[in-house]
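Note that these values count all heavy atoms, side chains included, but never hydrogens, waters or copies made by symmetry. Owing to the predicted nature of the structure, the values given are computational and were not obtained by experimental measurement. First listed ligand is number 1; within each ligand, the first listed atom is number 1.
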Amino acid sequence: MVDIDARQRLKLLAGAASAALWGCSGGGGGSDMGPVTPSPTPPTPTGFQPSDGLLRNTFRNNFTVGAAVQTSQVSNNSAISDIVTSQFNTIVSEFEMQPNIIAPTEGMFDFSAGDELVQYAEDNGLEIHGHSLLWHEITPDYFFEGTRDEIKARLQNYVTTVVSHFRGKISVWYALNEVVDSTGVGTTLPYRNSNWYQAAGGPEYIDWVLEAARAADPDAKLYINEYTTELPNKRARLIQVVEDLVARDIPLDGVGHQCHLILQDTAQSVLDAIDAVDGLFAGLSNRITELDVSVYSDPGSCWENGTNCDADYGSNIPESVLDSQAQLLRELFNGLILKSSLDSVTFWGVSDRDSWLNTSPVTRSNYPLLYDRNLNVKTGFRAITDRNFVI
Ligand code: G3I
């Protein structure tokens, strides 16, 4: 029996839980598994006010720094938008470019939300990344109807339509989301035994996506995007998948490391994941694509059935916890600036109040990002932008 460590079980079950709630095949997004609705009136920031561009300029010689955003969060000159345009140089759509939003029913494409984000990026001089062309968790049912050839044709038409639509505006696609097996058990190793794997009768759907995307926009960079690459067992399976794609000259430009971390993680484990790609694939680059640091570790049954979860801190998060988070971030970024293959780091949100982790695995207050619920910078922001800042 493979020992699935708590976090892998956490992520694995998170996927199952969120798939169930997001209506993974319904296409509608199902229950709101995303962030809690932001407060209506932006609070007045207090405390340290970073100078314009401090975060992105700290790393301007190393990699771009981005945030996942939702169209609703950045429209109408919101306070979140002010932070994004002041401190970041890239954005990624948190969910509006996923298949269940763009093509919830066959033959109909709705790019309105994605286009709004692209326009926002253009208006504010931001680079925008696409996320994602395929994700088993939120693929509408109709994608799996018909013969294998019909499924292939439908998927390649979807990818061609989407990448062509955004050609010249989106130059980086996290094309394949979570296609690698995360449990280390089962017969489809190293591939996730997903609805896509079953519909295609194997991993060839991965080729279909990458080949169609490359044909639609030869200039777009294509990534395979995975969580827990900081864990050696998962990383080994990812490397197997990448090795096969590279060996067969299937279009691929790099690896996205989601990095949904917990306080018990080490910076070195993330750096090892980047080194593993660098050591084997000289032509590929790395990106950190969904960085956050949960303040809960939740070993055991929390993600299975919502029991035995770490107690909710509520509004009383101890400074010591935020200091530990800041120390981990400082060690991580001190290592990341040494990785020449690392093109970008994206946080999975701006403010703690909007994180997906406020509703996964249970509804409770999480504190995983750089800005607090009052849109003040946290200790982690100070720790990575000021080497003299004392945590
Ligand atoms: O904002 C709308 C709301 O107006 C509407 O009433 C409600 C019900 O339809 O939906 C709300 O949008 C939801 C959105 O989260 C914001 O809350 C979408 O339905 C829901 O699908 C969306 O979930 C996103 C999820 O991916 C599925 O796309 C989460 O925000 C997002 O954080 C999560 O991100 C994933 C990555 O793609 C892959 N890695 C793991 C990561 C976390 O699960």
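Ionic pairing of D352 and K378 is present here: one or more N-O contacts between side-chain nitrogen and carboxylate oxygen are shorter than 4.0 angstrom.
Note: no N/O pair closer than 3.5 Å links Q70 and ligand 1 by distance alone. Taking only nitrogen or oxygen atoms, main chain and side chain alike, W356 does not reach within less than 3.5 Å of ligand 1. At under 3.5 Å, not a single nitrogen or oxygen of N100, backbone or side chain, sits near a nitrogen or oxygen of ligand 1. The shortest N or O to N or O distance between W135 and ligand 1 is not below 3.5 Å.
The proximity of N177 to ligand 1, defined as any non-hydrogen pair under 4.0 Å, is limited to the side chain.
Near E178, meaning under 4.0 Å from one of its heavy atoms, ligand 1 places the atoms 38 (C), 39 (N), 40 (C). Those atoms of ligand 1 that come under 4.0 Å of a heavy atom in Q258, given as number and element, are 39 (N), 40 (C). Heavy-atom contacts of E290 reach the following atoms of ligand 1: 36 (C), 38 (C), 39 (N), 40 (C), 41 (C) (cutoff under 4.0 Å).
For the pair Y223 and G256, the tightest heavy-atom approach, listed with the atom from each and the gap, is CD2-N, 4.0 Å. The minimum heavy-atom distance linking A311 with Y296 is given by the pair O-CE2, 3.1 Å.
Residue W348 places a heavy atom under 4.0 Å from ligand 1. For the pair E137 and ligand 1, no heavy-atom separation below 4.0 Å is found.
The residue from Y371, F88, F48 that alone fulfils the ring pair (Phe, Tyr, Trp, His ring centres under 6.0 Å) condition with F381 is Y371.
Atom NZ of K221 has 12 or fewer neighbouring heavy atoms from other residues, nucleotides or ligands inside a 6.0 Å radius. The environment of CZ in R248 is crowded: more than 12 heavy-atom neighbours from other residues, nucleotides or ligands sit within 6.0 Å.
Judged by the 6.0 Å distance and 45° axis criteria, R148 is not positioned over the aromatic ring of Y205.
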